[in-house]
Amino acid sequence: MPYLDHAATTPVRPAVRATLARWLDDAEGVVGNGSSAHAAGQRARTAVEEARERVAAALACHPGDVVFTAGGTEADNLAVKGLAWAAARRRRAGHLVTTAVEHPAVADAARWLAEHEGMELTVVPPRADGTVDPERVLAAVRDDTALVSVMAANNELGAVNDLVAIGTALRERGVAFHTDAVQAFATRVLDLAELPVDALALSAHKFGGPQGVGVAVLRRGVPVEPLLHGGGQDRGVRSGTFAAALVAACGVAVAEADATRAATVARLAPLADRLANGLLALDGVRRNGPTDPADRLVSHVHVSVDGVDGEALTFALDRAGLEVSAGAACASGATHVSPVLAACGIDGDAALRLSLGWTTTEADVDEALATVAAVVADLRARGGGFVPPPARAAGAAP
Ligand code: PLP
């Protein structure tokens, strides 16, 4: 049963599972509260600090810049709202810049600030391949811009953005810069010694860690307002008892994904090519996203399939044993049209995202190709599986 939906979530790595089990089984004695002074508390705290060191080593940042969150969504919200509020207060700046390809964790956080906090929002449109033109982003920046947020790589098309060009210019203008790197980390090196970003979001479940834990890199010295108030953990930016087991597991996932990234990419590149070429060999299949491999994640293969409904295709593929995402996927059970694909002028109705990851094999790819060919032929023979428009609502793939 091939699973080609690594962009949605990935299988947990054995070393991560072992770490979780060790903490949850409490094999080494009582798991304390990481803020407690006694030995049990200090064991938990040590695990958190070791994880912090691992994340910092993988990203080439200072451990003090690393804040643990409950996932990518919280990391994005903390960065977008936290940096925008702090910059707005300091500089009386109330303008935000994002792009039309952001994940809802950024897009909706920025929209919320505009609707509820009186901020002004500029949403920069992408190129047709899903990448964002740095010049267009920089042209949107004003003297009162509090924050710019541009994702490192898009979750649907895998389109990679030029963070250096954007960040370098923003540094010169003193404007805070956040990037959602949730999709990028598994296959792209993120070297914060070189990348001029003030904040960055990761989510452990996208690279073999558990769901429900993530990282917000928030450079010390860049003012940030906390979203959560309470015990003052994580330099007062993210209150709440340290989730020692999840954080330790996140640290192990980050370290292993980072250490094995080059080998993973070398293994996945020919598999992704094999998958894309096999799909393009079918009638009426087009590839979406950047054509230059340098501009797209090796993990993502996004295609449009003529003559079938994308959602019907995804369900039929699932029944046939192939797990992938429609170009538009569901967060609430309804069928969605992806705003990202719409912004790129791609017909989301007939789109399919197949995404590879650390467990993907050649057999997965070959089985997937055979399944897609058979299911598409069958659906087309039965009229494509189109559903009437009223069932549709706005949404996007995770
Ligand atoms: N940002 C991007 C680009 C994503 O793909 C996702 C998950 O789909 C998120 C943020 C949210 O991460 P999480 O699922 O950990 O909340």
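Note that ligands are numbered from 1 as they come in the structure, with each ligand's atoms numbered from 1 the same way.
- Any N or O atom pair closer than 3.5 Å counts here, and Thr73 shares at least one such pair with ligand 1.
- Shown are Asn288, Leu313, Leu279, Val308; of these, the side chain to side chain contact (heavy atoms under 4.5 Å, CB included) with Leu352 is made only by Leu313.
- The heavy atom nearest to atom 4 (C) of ligand 1, out of those in Glu156, Glu102, His103, is found in His103.
- Not one N or O of Met151 is nearer than 3.5 Å to an N or O of ligand 1, by distance alone.
- Taking every non-hydrogen atom of Asp76 and a distance limit under 4.0 Å, the qualifying atoms of ligand 1 come out as 1 (N), 10 (C).
- With Leu322 as the partner, the side chain to side chain contact (heavy atoms under 4.5 Å, CB included) test is satisfied by one option alone out of Asp364, Asp5, Thr371, Val375: Thr371.
- For the ligand labelled ligand 1, residue His205 lies inside the 4.0 Å heavy-atom shell.
- A salt bridge links Glu49 with Arg45; the closest basic N to acidic carboxylate O contact falls under 4.0 Å.
- Taking a cutoff of 4.0 Å between a charged side-chain nitrogen and a carboxylate oxygen, Asp306 and Arg286 qualify as a salt bridge.
- With no hydrogens or angles considered, no side-chain donor-acceptor pair links Ser355 and His300 at under 3.5 Å.
- Between the CZ atom in Arg142 and the OG1 atom in Thr122 there is a gap of 5.5 Å [rounded to 0.5 Å].
- Residue-ligand proximity: Lys206 is placed with a non-hydrogen atom under 4.0 Å from ligand 1.
- Remark: ligand 1 atoms within the under-4.0 Å shell around heavy atoms of Gly71 are 15 (O).
- At a heavy-atom cutoff of 4.0 Å, ligand 1 is contacted by no atom of Asn154, backbone or side chain.
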